[in-house]
Amino acid sequence: MKEFLWLIVALPFAGSLLLALAGKHLPRLASAMIGVGSVALSAILVVLVGLDFLHENPAGVPFHQTLWQWINVSGFSPGIAFQLDSVSLTFIFVITFVGALIHLYSAPFMWKEEGFARFFSCMNLFVGFMLLLVLADNFLLLYLGWEGVGLCSYLLIGFWYKDPANGHAARKAFTVTRVGDTAMVIGLFILFTNYHTLNIRDILHAAPHTWAPGSRIAITTAFLLLGGAIGKSAQVPLQTWLPDAMAAPSPVSALIHAATMVTAGVYLIARTHVLFELAPIAQNGVAVIGAITLIVAGMAAIYQHDIKKVLAYSTISQIGYMFLALGVGAWSAALFHFMIHAFFKSLLFLGAGSVIAVLHDEHNMYKMGGLWKKMPVVFWTFLVGACALSALPLITAGFYSKDEIIWQAYASEKGSITLWLTGLAGAFITALYTFRMVFLTFFGQAKAEPSYRPGLGMTLPLVVLAFLSFAGGFIQLPDNMGHVTLFSHFIEQVLPAAPTPGTATTHAAAISATTATGATATYTAASGHAAEWIAQSIAAALSIAGLVLAYRLYYNKPFPAAEPIRGPIQQFFFKGWNFDALYDKVIVQPIVFLSRIDKNDIIDQFYTSLASIAGWFNKRLASTQNGKLRWYAMALAIGTVITLTILLCT
Amino acid sequence: MILAWTIFLLMGTGLLAWLVSRWSDTLPRIISLAGILLFLGIVLCLWFRHPAGAVRLAKAASQLPIGNGANYAPSGAPAAGQWIVHYTHSWMPSFGIRIILAADGLSLLMLLLTAFLGVLSVLVSWKEIKSRVGFFYFNLLFILAGITGVFVSLDLFLFYFSWEVMLIPMYFLISIWGYENRTYAAGKFFLFTQASGLLMFLAILGLYFVHGRSTGIYTFDYEALKGTLMSRPAAFLLMLGFAAAFLVKLSTVPFHSWLPDAHTQAPTAGSVLLAGLLLKTGAYGLIRFVLPLFPQASHQFAPAAMFLGVVSILYGAKLAYAQTDLKRLVAYISVSHMGFILLGIYAFNELAMQGVIMQMVAHAISTGGLFIIVGALHDRIQTREIGQMGGLWTQVPKMGIMGLLFVLASLGLPGLGNFIAEILILTGSFAASKTLTVIAAAGFIAATLYALRIMQKVFYGAVLKKWTITDFGLREMIVMGSLAIVIIWLGLFPNSILNATQQTVRGVIEQVNIMPNMPQNANR
């Protein structure tokens with residue numbers, strides 16, 4: 001079965017090509033069948049291939065498949081080749097499975113839109129590129145997927161192309177991420193120059209032997225790769241494109257801007273973890289960027305009135321958590337949160353999309369309200385998603401995934417109190433903005449009447465995702481509560497375990513073999529349990545506190561349906577900390593100004609002035625040829641005198 | 001001999017097309033199409049007969065101890081074995097001028113490109129050119145003949161002759177069938193090319209006499225002139241003479257300013273040939289003549305050339321971003337992309353040089369595609385002003401998809417040909433100069449800005465003016481479809497081209513890199 005790995009990638013590409021070529025002539029139903037079918041088939045194949053992979057080698061030896069040699073020039077020889085291991089299997093599972101559900105949802109959601117086939121063509125193309133990204137066995141193919149998903153994001157943000165604002169958002173997304181991508185490409189140049197290959201495994205194997213930990217080249221490379229990651233994953237300071245990207249249809253936001261593409265940065269860092277471990281400063285930078293981002297975006301989310309913008313900032317903030325986890329070396333925790341986040345965030349986006357659709361494209365939460373009775377399925381599933389996002393203790397998957405990160409931010413060797421406190425503050429903020437959204441949208445006075453009820457095609461994905469947002473957490477439980485490690489065990493076939501002081505000491509003990517250290521290790525582990533209980537209680541209390549505060553502030557309050565009046569501070573957060581204004585002043589305007597002043601190319605003016613000088617001389621000289629005899633005689637006389645003078649005096 | 005026949009074929013077809021235009025306007029089109037298709041067939045025959053030889057030679061070469069990067073062992077590959085087709089005929093023996101035509105992998109690739117774009121340019125002019133049809137196709141075919149001559153001449157005199165042959169009909173093409181400002185543009189094009197060509201001619205003569213004095217053999221033969229003994233300043237000066245002509249052709253900043261005018265004012269076929277082929281003769285000249293003839297001077301010149309390359313990339317992109325005339329915008333994209341070529345050539349390693357060759361082909365396809373779209377739009381709405389367009393996707397979705405594809409190729413999207421080229425060039429040049437490469441990489445961002453601007457202003461956005469226009473028809477879809485297939489093919493299977501030119505590239509790199517160690521650079 002494993003041999004069909006290539007087909008998982010090929011199916012969405014084939015669907016996309018078919019829709020692009022024949023989409024115009026196909027009836028909508030056929031387009032939908034192709035669009036949804038190709039991804040669904042991929043998802044089924046992933047399950048079969050995955051089972052085969054797990055069954056055949058429990059140790060998780062990566063499976064390779066080379067389709068063809070892509071380029072081959074003097075040692076630069078990346079192939080179109082895939083590598084399947086537990087990390088990429090997790091990703092392709094999420095991509096195809098969540099992808100298929102979102103495609104299914106899209107069919108009724110987009111039914112009446114012009115460009116139905118174009119939509120599915122782009123969506124399928126996206127899934128194909130995303131699968132390439134996570135399956136690539138070399139950096140160049142990864143980069144192909146990386147840019148490809150960026151392209152699809154661009155195309156889909158600008159799907160409703162007639163509105164120039166959407167086009168602007170699309171270009172912004174592409175351009176801002178390209179800034180990060182360019183940094184990443186330079187990182188690839190360094191990697192190739194040093195290792196003469198772009199094969200990921202080979203580089204990761206060779207790196208610890210060639211680069212000293214903390215060496216300058218390792219740090220530079222890690223930071224350049226990080227640049228690519230923060231662009232794609234919308235982390236500070238390249239986060240500005242994601243809120244604007246909400247111009248895309250809601251299923252696109254769910255698939256690309258929540259579940260999959262924006263987590264490509266997380267994948268990249270996890271995949272190249274060896275390089276980051278060699279560059280402690282860079283890895284610490286990942287954690288710091290994550291921590292800053294989760295606060296910055298969380299604060300911005302509190303002040304949004306557009307339901308999708310709340311979710312957008314929330315996504316930025318949650319990816320901040322993943323970066324925090326990566327930065328403290330809690331690799332499997334980051335990936336676990338990625339998976340759970342994919343479930344509940346796509347659920348929330350799809351739910352929000354349903355609300356927006358039935359309210360005639362209304363995004364403003366202040367103009368919604370009281371929907372819980374009118375759209376029960378959407379409400380209950382949305383509530384499950386919101387609980388998971390707020391990490392309400394014990395019953396939600398989000399609790400188990402996020403708690404792990406917050407705990408590791410403190411307990412890991414690379415963690416610190418500051419990172420831990422930031423994580424906790426983020427948990428409080430998350431619960432606050434999430435339930436603000438829930439209360440404003442679904443409770444209080446109804447300000448608009450839903451035009452229809454979403455059909456089965458739209459509710460079924462919601463229910464499945466809600467189930468996963470609830471139950472997905474139980475495959476990985478903290479060691480003080482049941483200690484289930486299905487997920488981390490699986491991931492740690494590829495990525496190292498989190499370096500908690502406890503494990504580190506045990507490791508040291510194994511080497512030094514002194515009983516004293518061994519005893520200390522047991523002691524730290526035991527005291528760790530107590531600390532973990534306390535930490536979990538604090539995190540849980542904070543998220544509940546956020547819920548309660550939201551309840552106090554927003555439940556059943558008679559808000560006017562108009563846009564709220566904001567003070568300067570609120571305005572500051574509403575505008576996402578004014579990053580856009582800053583970039584506009586510092587970067588965009590100078591570039592536009594530079595291009596405007598020199599539109600006609602100053603160098604060309606040099607040549608044209610040469611031409612006009614020649615023309616001027618031509619005129620002057622031509623004017624001597626005026627046909628006047630006196631003039632000629634005088635010129636002749638002067639010339640004779642000059643010639644004679646020269647002849648006689650030298 | 002087959003090479004000589006191809007040139008005669010093109011010239012003959014041109015004359016015939018002119019002749020039959022007395023009776024019909026359609027006949028010259030058909031005759032030209034048939035002639036170029038025949039030419040394409042011949043080149044394809046050569047191409048498909050060739051890989052067997054190429055692979056054999058490549059295998060032989062790969063057994064030699066060739067390291068990564070710059071340190072090639074002198075393999076002593078036989079010079080004559082490089083040529084797949086070789087033909088010599090006496091022309092003016094008293095001056096040592098002969099007709100030497102030869103093709104290796106690189107030449108063949110360029111011929112293939114010439115034939116392919118030739119067919120397309122006949123097809124795109126099918127309806128666009130309505131006046132003096134016969135004379136138009138006569139000029140078109142003579143341009144192609146001249147270009148073919150440039151790509152296969154190994155006698156410097158003959159090379160210069162071909163160089164001029166392609167210039168004059170192009171002048172007519174622009175000045176007769178061009179747009180509103182055609183006389184100015186044609187004159188500018190002619191002056192720039194002619195003046196720089198003259199410098200090259202002086203350099204050719206200089207090389208001829210230097211070689212003649214030191215050996216007693218007065219010849220224009222490329223193979224004989226390689227490794228001529230001369231003093232360093234002399235070599236540098238002669239190298240500059242050649243480089244002047246090629247850099248102007250390559251539209252390197254600051255010698256680029258003829259290009260936007262010529263490209264904008266030329267008829268579509270003219271723009272396609274200018275961007276697709278004429279610019280490439282500059283790159284070809286640098287690779288074929290400047291580097292092997294003046295290895296050491298080239299090393300001296302390399303930092304400046306790479307710097308100019310980077311300046312061209314960024315300055316061209318900046319100017320492209322500023323334009324409001326769509327065709328002018330596309331023209332400046334060429335300036336930017338040719339910067340990559342210059343940067344890659346002077347990096348002096350196989351990686352970058354293969355990238356350069358890829359860029360020569362990929363840029364020809366992507367920019368050709370864009371020029372055809374602009375031409376088609378101009379045909380339909382009589383304007384090239386971006387401000388007059390907007391929201392055209394609804395009406396011409398096929399054109400939109402094609403536009404998207406070639407715009408994406410221009411911004412270097414992986415999976416399309418230009419990406420392969422640019423990544424190879426930059427990876428190669430990174431070994432030569434880290435700083436310049438990092439600055440050049442910013443070209444990716446700049447490319448995003450100008451490329452997406454095209455899509456937004458032309459196809460997306462609000463409908464500014466209610467044009468009623470028709471989408472691409474069958475003939476146009478054949479043209480665009482074949483370009484699309486090629487650009488995707490190049491992106492996914494670049495090896496099919498890179499293998500063919502590998503031997504040539506290795507030869508050039510070897511020559512330019514081992515020469516400085518040889519004693520013959522001492523004063524004579």
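Here the structure is a predicted model, which means the values were calculated and not measured. Letters A, B, ... mirror the listed sequences (proteins, then strands); counts begin at 1.
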Could you look at [X] and say if it's the side chain, the backbone, both or neither that has a heavy atom under 4.5 Å from chain A?
X	result
B:Leu408	side chain
B:Lys188	side chain
B:Phe444	both
B:Phe419	side chain
B:Leu492	both
B:Val463	neither
B:Leu452	both
B:Tyr184	side chain
B:Leu191	neither
B:Ile423	both
B:Pro260	neither

Polar contact flag, side-chain donor to acceptor under 3.5 angstrom, [X]-[Y]:
X	Y	answer
B:His256	A:Asp604	no
B:Tyr315	A:Asp598	yes
A:Lys599	B:Thr324	yes
B:Asn181	B:Asp261	no
A:Asp584	A:Gln589	yes

Count the heavy-atom pairs under 4.5 Å between each of [options] and chain A, then report the option with the highest count.
options	result
B:Leu449, B:Val505, B:Leu426	B:Leu426
B:Ile420, B:Ile401, B:Thr394, B:Leu413	B:Thr394
B:Ala442, B:Ala462, B:Ala320, B:Gly355	B:Ala462

Side chain, backbone, both or neither: which part of [X] has a non-hydrogen atom closer than 4.5 Å to chain B?
X	result
A:Phe189	both
A:Trp160	neither
A:Glu114	side chain
A:Val179	both
A:Leu198	neither
A:Phe606	neither

With a 4.5 Å cut-off on heavy-atom pairs, point out which of [options] contacts chain B the most.
options	value
A:Val73, A:Leu141, A:Val592, A:Asn72	A:Val73
A:Ile80, A:Leu140, A:Ile591	A:Leu140
A:Leu151, A:Leu188, A:Thr608, A:Asp181	A:Leu151
A:Thr175, A:Asp163, A:Asn600	A:Thr175

* Side chains of B:Leu405 and B:Leu416: closer than 4.5 Å at any heavy-atom pair? ->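 Heavy-atom side-chain distance check passes, below 4.5 Å.
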* Asked: Can you check whether B:Phe459 reaches B:Leu404 side chain to side chain, under 4.5 Å on heavy atoms?
  -> no
* Does the pair A:Lys172/A:Asp244 count as a salt bridge with the N-to-O cut at 4.0 Å? -> yes
Heavy-atom closest pair, residues [X] and [Y]:
X	Y	value
B:Pro254	B:Leu308	CD-CD2, 4.1 Å
A:Gly228	A:Met184	CA-CB, 3.9 Å
B:Thr252	B:Ser312	CG2-OG, 3.5 Å
B:Glu350	A:Ser74	OE1-CB, 3.2 Å
B:Phe406	B:Met480	CE1-CE, 3.5 Å

Between [X] and [Y], does the ring centre distance come in under 6.0 Å?
X	Y	answer
B:Phe255	B:Phe192	no
A:Tyr195	A:Trp211	yes
B:Tyr450	B:Tyr321	no

* **Whether B:Trp393 and A:Tyr161 hold their rings parallel, tilted or perpendicular, with breakpoints at 30° and 60°** => tilted
* **NZ or CZ of A:Arg171 within 45° of A:Trp241 ring axis and under 6.0 Å** => no
* **Residues from residues 120-130 of chain A approaching chain B under 4.5 Å (heavy atoms)** => none
